[in-house]
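Take a look at the structure below.
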Amino acid sequence: MSAPRNPVVADPVVVAAGTTAADAVAAAGLPMTGRSAVVVVRDPRGQLRDLDWTPEQETAVEPVGIDTPDGLAVLRHSTAHVLAQAVQDLFPEAKLGIGPPIENGFYYDFAVDQPFQPADLTKLEKRMQEIIKSGQRFRRRRFRDRDEARGELAAEPFKLELIELKGDGLDSSQVMEVGGGELTSYDNLAADTDKVCWSDLCRGPHLPNTRLIGAFKLMRSAAAYWRGSEKNPQLQRVYGTAWPTRDELKAYLRLLEEAARRDHRKLGADLDLFSFPDEVGSGLPVFHPKGGVLKRTMEDYVRARHVEEGFDYVGTPHISREGLFHTSGHLPYYADGMFPPMQFEGADYYLKAMNCPMHNLIYRSRGRSYRELPMRLFEFGSVYRYEKSGVIHGLTRVRGFTQDDSHSYCTKEQAPAEIKHLLAFVLGLLQDFGITDFFLELSTRDETKPDKFVGSAEDWATATAVLEQCARDTGLELVPDPGGAAFYGPKISVQAKDAIGRTWQMSTIQYDFNQPAGFGLEYQAADGSRQQPIMIHCAKFGSIERFIGVLTEHYAGAFPAWLAPVQVVGIPIRTEHTEYLDGFVAALRAAGVRAQVDAGDDRMQKKIRTAQQQKIPFMVIAGDDDVAAGTVSFRYRDGSQRNGVPAAEAVNHVLDVVNSRANQGPSAAEG
RNA sequence: GCCGCCUUAGCUCAGUCGGCUAGAGCGACGCACUCGUAAUGCGUAGGUCGACGGUUCGAUUCCGUCAGGCGGCUCCA
């Protein structure tokens, strides 16, 4: 589980009236340079202040180090300013957009005549290095009023727009330019002459000096819509990362390399799991035999667990006439996400983007009694969504995928218990696959766009409240996601963190009162009246394809033994030992283990290397000694060995590990 | 969908400032070797240089369109 962020609160220091925060920090003997330098302070109202902030009366403030989350954000924000200064030095025509800190770094948007080239980034880095070394100071300056700001920023059309928009629906976590009750600018002053080198509309705060930027790197440039809307012009965004020290930058770059090494798109090809043939089309994966083992093993396990949890497995077609999707609300509200229709026999048929309409028809196929509820229908439904070409990404964003989708039909009163049941079920299922670190997100409708969501505000409020309560009851961290709901109802999603800390949206649980109404679903209550059920949509992994991608990255391709496409490879020391291993492997296969003998004419060292690269959990080696003694020798994926294990014991050992569905190992270090 | 970059053998990549038979390593295949825990040696095959148009005496190379990929934006399971 994610630990809630609980920043260490430093002992406060007292800033005397009319003196700077820096004076107090220095007097307290706190570091002003180096990897733990204090770079800003937090005032009693919680607001971060520059070190040259001078309160009018004595104030106790909390020193904030550059190595804290807030301090890192200040460092990165200041680095963004240095980037912008460098850009305007080298490209004087560039107009400034916004430049906030982000996780691990920062970006700054610019309007330029020509998009930046990789060589431009190198030049910009060089110029930034010069600025940083020159030791410019950041100085806050308050504008008297908007007119003064407008006058000074006359040549910066985007900044002018921000001035006019100030405080008017801007996301303050992103737009650092304006905020609080005043309009301010930050001047960069040359170290020796105090000459103003560059200024930027900004609410701050900033580092006292560019020298505190220990290490940075420009990562890439890309286009981004001004203020995040595709109706607006695109600016050129430059991304960078910044750290207090070179070592931290290096560690971060190593993490990125590790992520690249785990990339499921690369591992999928290396391990022969799946591919994306151009001939089929973008975003449409095909699973090779080894990927097929993964997919089937996961599906078999998930199906069995569903049956244990009271779900009924059903099956529905991939296409339907359009009327069904009108009833469900998909064509009115979700048409952009669906492939265009096929026309034949005078009707339009659509590929399904969701399974719910089909399940509703199963529910409605006969009268239902309250005694049947909750009724839980589950299937691996193949759904197709028209994703814009630019968003397709490996297995995590595709156009055709398999949803492990269920719909629980229940009474309003049963809903909370059913949601809790589903939450516990999905969290358990994720843990069974070794995903143990997650938090929840509550996606609600966007109040400003009621036309994008079906149903009344009251119903939405009820549904949201039920979901929120169930989510809170888990004790997991709950993050709000305003506007993220599906058109038919709010949802809880489970965000899972993988082995290197990246988060993925996995399970979703959605409370839907709209489709039961649209389909006229009913059940007969105990008092004989006809009532409308509510339905709860639940995808456990979200998409089997995405989950395979996430698991591949989580395990870096070294899947747990129970999931590994090939679980055991037999490696004879010499060709004449092949027959012995054939017998051993046959015993394993008879017990359902995916085992094979490498009978090629490579040397055994080469076969070990090959099996190692294929990340096979068990290598079983046999030579003269083993044949004579009726034993085999294990080499595990981690390089550890267990030699001379009697054959029968060895079979049981493999079976134990596989059947335990352990997500660690195997290794000689265990059992 | 938008912006930028990219596409040469199954994979990773050289190369052609427009010019005869486009190279390497790994992989595949063949032969020899029969070896105790991460690469034995030798040889063979494999490419209409993403597709289609245009410019040119001549295009894998230059230009355009399309497809696919990568990085972002927007969007999302």
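The figures that follow rest on heavy atoms only: side chains count, while hydrogens, waters and symmetry mates do not. Chain identifiers are assigned alphabetically (A, B, ...) following the order of the sequence lines, protein sequences preceding nucleic acid strands; residue numbering begins at 1 within each chain. Bear in mind that the values here come from a model prediction, so they are computed numbers and not experimental data.
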Hey, would you say the [X] and [Y] ring centroids sit under 6.0 Å apart?
| X | Y | answer |
| --- | --- | --- |
| A:H359 | A:F378 | no |
| A:Y386 | A:Y384 | no |
| A:F91 | A:F110 | no |
| A:Y350 | A:H330 | no |
| A:F106 | A:Y239 | no |

[atom1] atom, [N] versus [M]: distance in rounded Å?
| N | M | atom1 | result |
| --- | --- | --- | --- |
| B:rU61 | B:rU8 | P | 13 Å |
| B:rU74 | B:rU12 | C1' | 34 Å |
| B:rA45 | B:rC2 | C1' | 45 Å |
| B:rU37 | B:rA28 | C1' | 26 Å |
| B:rG4 | B:rC66 | P | 13 Å |
| B:rA39 | B:rC63 | P | 46 Å |
| B:rU60 | B:rU48 | C1' | 10 Å |
| B:rU65 | B:rC3 | P | 11 Å |

Go through the steps for A:W504 and A:E553 under the test side chain to side chain donor-acceptor pair (under 3.5 Å), then give the verdict. CA-CA 11 Å; A:W504 304 89; A:E553 307 213 356; 5.6 Å; no
Between [atom2] on [N] and [atom1] on [X], what's the gap in Å once rounded to a whole number?
| X | N | atom1 | atom2 | answer |
| --- | --- | --- | --- | --- |
| A:Q505 | B:rC75 | CD | C1' | 12 Å |
| A:D446 | B:rC76 | CG | P | 11 Å |
| A:R220 | B:rC3 | CZ | C1' | 15 Å |
| A:D270 | B:rC26 | CG | C1' | 12 Å |
| A:Y108 | B:rC73 | OH | P | 18 Å |
| A:I492 | B:rA77 | CD1 | C1' | 16 Å |
| A:H330 | B:rC76 | NE2 | P | 14 Å |
| A:Q114 | B:rC3 | CD | C1' | 12 Å |

side-chain N/O [X] vs [N] OP1/OP2, d < 4.0 Å:
| X | N | result |
| --- | --- | --- |
| A:R237 | B:rG72 | no |
| A:S389 | B:rG1 | yes |
| A:Y386 | B:rG1 | yes |

Wobble G-U and Watson-Crick pairs count when both distances are under 3.5 Å; given that, what is the 5' to 3' dot-bracket string of RNA chain B, with | for pairing to other strands? (((((((..((((.....[...)))).(((((.......))))).....(((((..]....))))))))))))....
So for [X] and [N], does any side-chain atom that can act as donor or acceptor lie under 3.5 Å from a complementary atom in the base?
| X | N | answer |
| --- | --- | --- |
| A:E230 | B:rC73 | no |
| A:Y225 | B:rG1 | yes |
| A:R397 | B:rC75 | yes |
| A:E387 | B:rA77 | yes |

Mind running side chain to side chain donor-acceptor pair (under 3.5 Å) on A:S406 and A:K540 for me, showing each step along the way? CA-CA 8 Å; A:S406 74; A:K540 283 81 209 174; 2.5 Å; yes
Tell me which of A:Q234 and A:F541 sits closer to the 5' end of RNA chain B, going by the nucleotide each one is nearest to.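 With A:Q234 and A:F541 compared, the 5'-side residue is A:Q234.
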For A:R399 and A:K452, take the nucleotide of RNA chain B holding the closest heavy atom to each; which residue's nucleotide lies nearer the 5' end?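 Closer to the 5' end of RNA chain B: A:R399.
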Within the 4.0 Å heavy-atom criterion, would you say [X] contacts the bases, only the backbone, or no part of the nucleic acid?
| X | answer |
| --- | --- |
| A:R265 | sugar-phosphate |
| A:A224 | sugar-phosphate |
| A:V398 | base |
| A:F276 | nothing |
| A:K491 | sugar-phosphate |

Is it the case that A:R237 places NZ or CZ above or below the six-membered ring of A:Y107, under 6.0 angstrom from the centre and within 45 degrees of the axis?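 Here A:R237 passes the 6.0 Å and 45° test against A:Y107.
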Readout for nucleotides 34-39 of chain B: B = base within 4.0 Å of protein heavy atom, S = sugar-phosphate only, - = neither; 5' to 3' it is BBBBBB
Is it the case that more than 12 heavy atoms not belonging to A:E579 sit under 6.0 Å from its CD atom?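 No, not enclosed.
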Parallel, tilted or perpendicular: which one describes the rings of A:Y334 and A:F487, with boundaries at 30° and 60°?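 Rings of A:Y334 and A:F487: tilted, as their planes differ by 30° to 60°.
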Please determine, for the side chain of A:A223, which listed nucleotide (B:rG72, B:rC70, B:rC73) has the closest atom?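 The nucleotide sitting nearest to the side chain is B:rG72.
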Kindly compute the distance separating CD1 (A:I571) from CZ (A:R609), expressed to the nearest 0.5 Å.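 A:I571 atom CD1 to A:R609 atom CZ measures 13.0 Å (nearest 0.5 Å).
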Check step by step if side chain to side chain donor-acceptor pair (under 3.5 Å) holds for A:K352 and A:T316. CA-CA 10 Å; A:K352 71 175 172 184; A:T316 63; 2.7 Å; yes
